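Naming convention: chains lettered A, B, ... in sequence-line order (proteins, then strands); numbering from 1 in each chain. Predicted model, so just to flag it, every value in this text is computed and none were measured.
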2 protein chains.
Amino acid sequence: MPTTAAQHRSVPLVRELVRTYQAFEQLSNIRVREHGLTPAQFDVIATLGNTPGMSCKQLSEKTLITKGTLTGVLDRLLEKQLIVRRVDDKDRRSLFVSLSAAGEAVFDSTFSDVVLHCGSAYDGLSDQEIVDSIAMLSKLRAAISAKLES
Amino acid sequence: MPTTAAQHRSVPLVRELVRTYQAFEQLSNIRVREHGLTPAQFDVIATLGNTPGMSCKQLSEKTLITKGTLTGVLDRLLEKQLIVRRVDDKDRRSLFVSLSAAGEAVFDSTFSDVVLHCGSAYDGLSDQEIVDSIAMLSKLRAAISAKLES
DNA sequence: TATTGTTATACTCTATAACTATA
DNA sequence: TATAGTTATAGAGTATAACAATA
């Protein structure tokens with residue numbers, strides 16, 4: 001008898017992971033949009049926050065936004081004057097992207113608010129449950145990363 | 001001293017949840033697109049699979065796709081002849097959406113393949129780890145759902 | 001030749017609000 | 001009046017490939 005998706009032991013895990021994150025994403029996206037940002041823009045701001053900046057290539061790798069798309073997202077953040085884009089002196093093919101002063105202000109207020117808002121859902125969990133959850137998610141992530149690289 | 005995002009104990013959990021799911025989503029979306037479907041279309045097909053069908057309203061609630069958007073997604077699935085849309089005799093405002101024969105065939109092949117592909121990342125986990133992970137995710141989801149409803 | 005990022009193209013998703021038909 | 005779904009609108013993200021500048 002061949003193994004079908006319905007029989008494989010990991011299927012319930014996949015389904016639960018998807019359901020859990022969909023709920024989280026809904027909570028997060030509503031809050032992000034209340035700050036006047038799209039999820040992709042928030043992702044970029046969050047990635048640039050507390051860093052000196054980085055190249056488009058690095059930003060693309062961290063946010064999983066492909067380079068063609070990233071140009072458009074960065075254009076809109078530039079219009080809002082939340083980032084600065086300048087040529088890297090050492091490699092003139094490369095652009096160095098960082099938050100502007102206004103961008104840092106948005107990061108400080110928006111990122112904290114969104115993360116605290118979403119995180120407050122977990123106020124009922126014990127410290128131990130939080131530690132265990134992080135460890136488990138980390139294990140799941142490692143398994144996926146290994147698969148992505150294979 | 002006020003509580004800032006960086007200090008709150010749930011912040012690492014939020015970050016790890018996001019990172020883990022982003023990796024999963026990347027793995028899943030690549031596979032979904034290889035089957036000629038967008039993530040939203042796949043979501044609809046997966047939701048309709050193994051059901052007799054449902055109204056647009058139910059489908060919207062399950063997929064978290066808003067009704068205006070859902071119309072467009074369903075239009076494109078209709079073009080591909082993967083779904084059937086017909087008026088509900090009992091409430092003629094309502095539409096009953098279900099998979100066509102072709103849609104069921106796509107569900108059978110695509111859904112299994114995507115779930116098995118993603119699920120195979122977890123082949124290294126023990127049965128107990130899988131059970132524990134599901135329980136933990138379920139707890140996280142319940143906490144988020146409670147927040148969404150508040 | 002390879003890499004970084006932009007541009008061009010075409011499509012899909014997204015939120016929102018006004019609208020139609022039915023209840 | 002309320003609900004189910006469509007249409008209209010405007011904007012944003014997406015993949016992909018061709019391209020320019022630089023390495």
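Within 6.0 Å of CD on Gln26(A) lie more than 12 heavy atoms contributed by other residues, nucleotides or ligands.
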Does the side chain to side chain donor-acceptor pair (under 3.5 Å) test come out yes or no for Lys57(A) and Ser94(A), once each step is laid out?
CA-CA 8 Å; Lys57(A) 178 170 175 59; Ser94(A) 187; over 6 Å; no
In sequence, state the C-alpha distance, the side-chain angles, and the governing distance for Thr20(A) and Glu16(A), and then conclude on side chain to side chain donor-acceptor pair (under 3.5 Å).
CA-CA 6 Å; Thr20(A) 300; Glu16(A) 189 57 42; 3.3 Å; yes
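Going from atom CG of Asp89(A) over to atom P of dA21(D) covers 19 Å, rounded to whole Å. Rounded to whole angstrom, the span from the CG atom of Leu95(B) across to the C1' atom of dA21(C) amounts to 11 Å. Asp75(B) has its CG atom 14 Å from the P atom of dG5(D), to the nearest Å. Summarising the geometry, the separation between CG on Leu70(B) and C1' on dC13(C) is reported as 12 Å, rounded to the nearest angstrom. Note: CG (Leu74(A)) to P (dT6(C)) measures 7 Å, nearest angstrom. Rounded to whole angstrom, the span from the CG atom of Asn29(B) across to the P atom of dT16(D) amounts to 12 Å. Counting to the nearest Å, the C1' atom of dT22(C) and the CZ atom of Phe96(B) are 19 Å from each other. One interatomic measurement links the two molecules: CD of Gln58(B) to P of dG5(D), which rounds to 9 Å at whole-angstrom precision.
For Arg92(B), counting side-chain heavy atoms from C-beta on, the closest listed nucleotide (dT12(C), dT4(C), dT22(C)) is dT22(C). Nearest nucleotide to the side chain of Arg85(A), out of dA23(D), dA15(D), dT6(C): dT6(C). Here the side chain of Arg76(B) is nearest to one of dT4(C), dT12(C), dT14(D), namely dT12(C).
Within the nucleic acid shown, Lys57(B) comes within 4.0 Å of sugar-phosphate atoms alone, with no base atom in reach, counting heavy atoms only. Gly68(A) comes within 4.0 angstrom of a base, heavy atoms only. Here Ser94(B) lies in heavy-atom contact (under 4.0 Å) with sugar-phosphate atoms only. Among the protein residues, Ser55(A) comes within range of the sugar-phosphate backbone only, with heavy atoms under 4.0 Å from sugar or phosphate atoms but none that close to a base.
Side-chain N/O atoms of Thr66(A) include one lying less than 4.0 angstrom from OP1 or OP2 on dA15(D). The side chain of Thr71(B) contributes an N or O atom lying less than 4.0 Å from OP1 or OP2 of dT6(D). For Thr38(A) and dT14(C), the shortest distance from a side-chain N or O to OP1 or OP2 is not below 4.0 Å.
In summary, Asp91(A) and Arg93(A) engage in a salt bridge, as defined by a charged side-chain N under 4.0 Å from a carboxylate O. In summary, Asp123(A) and Lys147(B) do not engage in a salt bridge, as defined by a charged side-chain N under 4.0 Å from a carboxylate O.
The 5' end of DNA chain C is approached more closely, in terms of each residue's nearest nucleotide, by Glu79(B) than by the other of Glu79(B) and Arg93(B). Residues Thr69(A) and Gly72(B) both approach DNA chain D. Their nearest nucleotides, taken by heavy-atom distance, put Gly72(B) toward the 5′ side. In this structure, Asp91(B) and Lys90(A) both approach DNA chain D, and ranking their closest nucleotides by distance from the 5' end singles out Asp91(B).
For the pair Tyr122(B)/Leu140(A), a side-chain contact is recorded, criterion being any heavy-atom separation below 4.5 Å from C-beta on.
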